[in-house]
Number of protein chains: 2
Amino acid sequence: MSKKKEKPIAVSVIKRLPVYYRFLTTLHSKGVERISSSELAEKLGVTASQIRQDLSQFGNFGQRGYGYRVANLKEAIAKILGLDNQMDMVLAGAGNLGKAIINYPNFKRRGFYIKGIFDVNPELIGQEVAGLLVQDISLLADFLTNNRIDIGIITTPPESAVDVADIFVRGGIRGIWNFAPVSLNYSGKVLVENVHISESLLTLSYMIDEKFGSKS
Amino acid sequence: MSKKKEKPIAVSVIKRLPVYYRFLTTLHSKGVERISSSELAEKLGVTASQIRQDLSQFGNFGQRGYGYRVANLKEAIAKILGLDNQMDMVLAGAGNLGKAIINYPNFKRRGFYIKGIFDVNPELIGQEVAGLLVQDISLLADFLTNNRIDIGIITTPPESAVDVADIFVRGGIRGIWNFAPVSLNYSGKVLVENVHISESLLTLSYMIDEKFGSKS
DNA sequence: TAGATTGTTAATCGATTAACAATC
DNA sequence: TAGATTGTTAATCGATTAACAATC
């Protein structure tokens, strides 16, 4: 069953939920029981208004005069983000970046399971990474027909990214988490979340020049 | 010398420049000579208006009735982003993610130079990565006083990220490229660009549930 | 020239912030 | 209760899109 769709929530709001979630997890592990929107805002460098506005899109999680119970709010956000549902994933490209992602420690805790790892490199095929054997990429299409996979992760070089993405889409994947520096366009059929790592370095570089002046 | 500051450019605009740049680089390598804002828009999934609006903040790079010369526009954006200036960087955390970043092939071409790699792990210290020896993190502070470094990269586990960031800031670094899932707050003193990789997975997960319905 | 496409202004749309009544 | 803080409405701010005169 799909969620009740009240009104569509803005993407800008959804992108902030994981930030709140991460910070609440930290607070919770430190034994902090309550927090107000203004305290939270200060720690995260946003406004209290924004936090209350964001949360109010999903329900009433606080108590007037008191604030938010950290444990409750954390769980509420986990629920909103669907972290209580399992998501099955495959990864293509078992280089350093791929391995870094596979070994991310919180995936399982949050319901994300890597079910298969694929690569073209004969030296990597057969290697064990986090308890899985790296398989030949030529087996990917079959793997997807035999397994119901939600998310495909692309950590290949840019040249192969589009081919892999096509296999993912034909294989019935619902979302692509793309780390290759290419623009993937599958309007509507599949959701694509791009993590264009190097682009953020260019942004940083621009802002450094702007703030401190360029070195030349 | 610092750039002429006409009017401050919106961050949202600056974040799109690397996208344009990447795509123009691809076009250029394919031998494409000209492109119109509407063609570019279609390929990138944005509006032609936005592209023209964005570019017009920095100058007039096109020709009415013709469009943009790919080579010219590419170079113009490189200039805006400061890719013709050298940026010296150090990296802390030589695990898989750190190695992935160090080996990114386009850094030098774009003026980004990694000058030092640091870690706490004795097994990594002394290892050679991309022509540099991994050094003990205890040497980082001294390294920064002896070398003029622009950008510090944090690819450590979250527990050590704040300590490393403090060393960076005391060492006179101007920007931090942070991959650790922590919120770094150095309002004003230093620029911080966060790449919270796992947060984008949570966003994707939410949107999949929203679009296709959750599996439960 | 005629057609095409930019650069830019004005209109729209959406997101953030401020403010405050509701209420714990 | 009195003080604090939420949830929510309204006001502001900023970013995107539409439209078109300028012009290659």
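Order of the sequence lines sets the chain letters (A, B, ...), proteins ahead of strands, with each chain counted from 1.
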| query | Reckon S36(A) touches a base, only the sugar-phosphate, or nothing at all at heavy-atom distances under 4.0 Å? | reply | sugar-phosphate
| remark: Reading nucleotides 19-24 of chain D from 5' to 3' and marking B where a protein heavy atom lies under 4.0 Å of the base, S where only the sugar-phosphate is that close, and - otherwise, the string is BBBBBB
| field | Partners meeting ring pair (Phe, Tyr, Trp, His ring centres under 6.0 Å) with Y104(A) (sequence neighbours left out) | value | F107(A)
| note | So salt bridge (Lys or Arg N to Asp or Glu O under 4.0 Å) across residues 99-111 of chain A, not counting sequence neighbours, yields none
| request: Mind checking salt bridge (charged side-chain N to carboxylate O under 4.0 Å, His left out) for E39(B) and listing every partner two or more places apart, or none if nothing turns up? | output: R34(B)
| S38(B) near the nucleic acid: base, sugar-phosphate alone, or nothing, with a heavy-atom cut-off under 4.0 Å? | nothing
| task | Sort and list the pairs that fulfil side-chain hydrogen bond (donor to acceptor under 3.5 Å, both in side chains) and have at least one residue in residues 154-167 of chain B, not counting sequence neighbours. | result | D166(B)-Y186(B)
Could you go through nucleotides 12-15 of chain D and list every protein N or O atom that sits under 3.5 Å from one of its N or O atoms, giving the distance for each pair?
none

| Below 4.0 angstrom from OP1 or OP2 of dG7(D), is there any side-chain N or O of Y68(A)? | yes
| Using Watson-Crick and G-U wobble pairs with both distances under 3.5 Å, what is the 5'-to-3' dot-bracket string of DNA chain C, with [ ] for crossing pairs and | for pairs outside the strand? | ..||||||||||||||||||||||
| query | Taking only residues two or more places apart in sequence, or in another chain, which ones meet F112(B) in a ring pair (Phe, Tyr, Trp, His ring centres under 6.0 Å)? | reply | none
| message | Should the side chain of Q57(B) and the base of dT8(C) be counted as holding a donor-acceptor pair, with the cut-off at 3.5 Å? | response | no
| request: Apply salt bridge (charged side-chain N to carboxylate O under 4.0 Å, His left out) to R64(A) and list each qualifying residue two or more places apart in sequence or on a separate chain. | output: none
| query | What is the distance from CG of L73(A) to P of dT5(D), rounded to the nearest Å? | reply | 15 Å
| message | Using whole Å, what does the distance between atom C1' of nucleotide dG7(D) and atom CG of L55(A) come to? | response | 10 Å
| message | Base, sugar-phosphate or nothing for F58(A)? Non-hydrogen atoms, less than 4.0 Å. | response | nothing
| request: Just grab all the side-chain hydrogen bond (donor to acceptor under 3.5 Å, both in side chains) pairs involving residues 43-52 of chain A, residues at least two apart or on different chains. | output: S37(A)-R52(A)
| remark: Heavy-atom closest pair (D209(B) atom, L81(A) atom, distance to 0.1 Å) is OD2-O, 4.4 Å
| query | Quick one: which of dG7(C), dT5(D), dT9(D) gets closest to the side chain of S56(B)? | reply | dG7(C)
| Taking for each residue the nucleotide of DNA chain C bearing the nearest heavy atom, is the 5' side occupied by D54(B) or by V13(A)? | D54(B)
| field | Any donor-acceptor N/O pair, N178(B) side chain to A180(B) backbone, under 3.5 Å | value | yes
| note | With sequence neighbours left out, the residues meeting side-chain contact (heavy atoms from CB on, under 4.5 Å) with N147(A) are F143(A), I149(A)
| Partners of F168(B) by ring pair (Phe, Tyr, Trp, His ring centres under 6.0 Å), sequence neighbours excluded? | none
| request: Name the nucleic acid region contacted by T47(B), choosing base, sugar-phosphate or nothing; use a 4.0 angstrom heavy-atom cut-off, strictly under. | output: sugar-phosphate
